[in-house]
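Chain identifiers are assigned alphabetically (A, B, ...) following the order of the sequence lines, protein sequences preceding nucleic acid strands; residue numbering begins at 1 within each chain.
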Number of protein chains: 2
Amino acid sequence: MSRASDTAYQAIRAHLISGAAKAGEQLTEDQLSQIAGVSRTPVREAVRRLVDELLLVRSESKRLFVADWSRDDIEEMFTLRQMLECHAAERAARRLSRTQVEELAAVNRRLRDAIAGDAPDVARFLEANRAFHEAIIDAAHSPRLGQLLGKLVEAPVVLRTARNYSLEDLRQSARDHDELVAAFAARDAEWARAVMGSHLRRAFHTFARTLGPAGADAQGQASQGGA
Amino acid sequence: MSRASDTAYQAIRAHLISGAAKAGEQLTEDQLSQIAGVSRTPVREAVRRLVDELLLVRSESKRLFVADWSRDDIEEMFTLRQMLECHAAERAARRLSRTQVEELAAVNRRLRDAIAGDAPDVARFLEANRAFHEAIIDAAHSPRLGQLLGKLVEAPVVLRTARNYSLEDLRQSARDHDELVAAFAARDAEWARAVMGSHLRRAFHTFARTLGPAGADAQGQASQGGA
DNA sequence: CGAACCGTTATTGTATACAAATCGCCGCCG
DNA sequence: CGGCGGCGATTTGTATACAATAACGGTTCG
């Protein structure tokens with residue numbers, strides 16, 4: 001990846017994740033180029049990526065805003081992710097070699113380690129979690145699928161880092177992963193799909209619980225739509 | 001949309017569709033800026049879109065090539081599209097108003113008109129077809145879904161214009177659309193999903209038939225992968 | 001004769017200056 | 001008192017020049 005535009009991407013992303021920028025706030029390319037320490041050209045490239053990943057939004061008149069995810073947006077995202085990632089699990093179940101299954105199991109042991117004690121290491125947990133899901137998607141051998149999912153998983157992973165998960169939530173995730181590994185070992189595609197489905201759907205509800213009841217929604221903002 | 005970068009997008013896209021550029025051929029941003037008649041800056045913007053839509057490919061060293069779709073790539077793409085668009089049909093079935101259903105029916109009448117005689121007007125057919133599917137996706141009210149599908153439908157629609165479809169293929173499509181309208185009118189989400197599924201799966205086989213048997217595949221090229 | 005090295009050339013990446021478009025505000029008129 | 005129009009300021013879009021990097025070809029050494 002090119003140097004400056006990648007620098008810009010990471011810097012801006014970090015800036016968004018850190019919470020320094022509030023949802024709905026306007027940002028200008030100039031500000032961002034100052035933050036990233038590069039000129040506007042690579043910033044624009046980085047911004048395009050971030051818009052694609054739904055972390056930034058461009059208004060109708062091309063002005064730039066920090067994305068503001070409503071509960072419905074998040075549910076939609078989880079639904080799409082579930083659809084695609086269940087498919088990935090199904091394909092992976094048919095293709096994973098014994099060695100690869102063992103590798104997945106190893107990744108999940110790392111994940112368990114991260115939540116072994118009373119004080120879970122959330123950063124390590126998230127890293128292992130990401131690696132686990134990524135390995136499955138890779139194993140599905142469907143480049144386009146991976147590409148589509150890449151965009152979807154970015155955003156929530158980001159938001160997630162800011163949230164507090166209960167230890168029980170994390171442990172349930174680990175159990176889900178174990179069952180996925182079992183399904184893969186058995187080469188049972190239907191099983192894998194089903195486990196992945198409930199895993200992600202529960203993740204959504206765990207996530208949504210922190211946002212309040214289903215009716216309440218975020219306030220308006222520069223129209224996010226536009227397909 | 002900005003003037004020059006949009007011009008560039010359309011010009012380059014037209015250049016690719018017209019067949020003037022062979023699959024796997026290298027293109028430089030300079031060439032493209034000459035073709036489009038604008039500077040490299042908007043060309044780069046347009047190129048990013050086209051890479052995203054899988055019409056162009058960037059090699060590991062950032063060189064630019066005309067995408068070369070293997071049969072497997074096409075099958076993958078249709079599979080993903082089916083998954084997403086079935087979901088869209090399901091949602092649309094629950095949401096479409098009587099008026100909207102009638103509008104869909106009208107679009108399909110346009111489509112039938114285009115293939116009424118012995119010499120079908122393929123351009124009009126494709127336009128109506130696109131409008132039909134787009135209306136369903138819009139009705140699904142899922143902006144992210146629309147966005148994902150946008151990328152997937154671009155490529156095949158493009159290739160498709162170059163192919164010859166039998167009159168019977170086109171008529172079958174029209175019948176499928178009629179049945180979809182019926183499913184929508186009945187507000188039967190399962191029915192809609194099923195019809196959409198067979199519609200797209202058949203489209204894939206119709207398409208694949210023109211590419212030869214399943215085993216034969218395209219030759220190598222700059223690695224297309226990269227999720 | 002083959003393979004690795006180095007200089008040349010082609011191609012992409014970045015910075016900067018400028019043009020176009022948009023916004024927000026202020027004054028004007030109804 | 002409220003809406004309309006236009007002007008200044010802000011922000012994005014485009015062109016161009018230059019820098020960095022990767023491919024190519026020739027030469028030389030083993």
Mind checking if [X] touches a base, just sugar-phosphate, or nothing, with heavy atoms under 4.0 Å?
| X | value |
| --- | --- |
| B:Arg63 | sugar-phosphate |
| B:Thr41 | base |
| A:Leu27 | sugar-phosphate |

Practice problem: Check the surroundings of atom CD in A:Gln34: do more than 12 heavy atoms from other residues, nucleotides or ligands lie under 6.0 Å from it? | Solution: no
Quiz prompt | Beyond-backbone contact of A:Arg144 with B:Leu54, side-chain heavy atoms, under 4.5 angstrom | solution = yes
[X] has an atom [atom1]; how far is it from atom [atom2] of [N], in whole Å?
| X | N | atom1 | atom2 | value |
| --- | --- | --- | --- | --- |
| A:Glu60 | D:dT12 | CD | P | 15 Å |
| A:Gln26 | C:dG24 | CD | P | 8 Å |
| A:Arg3 | C:dT14 | CZ | C1' | 8 Å |
| B:Glu45 | C:dT12 | CD | P | 17 Å |
| A:Gln31 | D:dT12 | CD | P | 9 Å |

Quiz prompt | Candidates C:dT22, C:dA15, C:dT12 - which lies nearest the side chain of B:Thr28 | solution = C:dT12
Self-check item: Check ion pair B:Asp52-B:Lys151 (N to O, under 4.0 angstrom)
Solution: yes
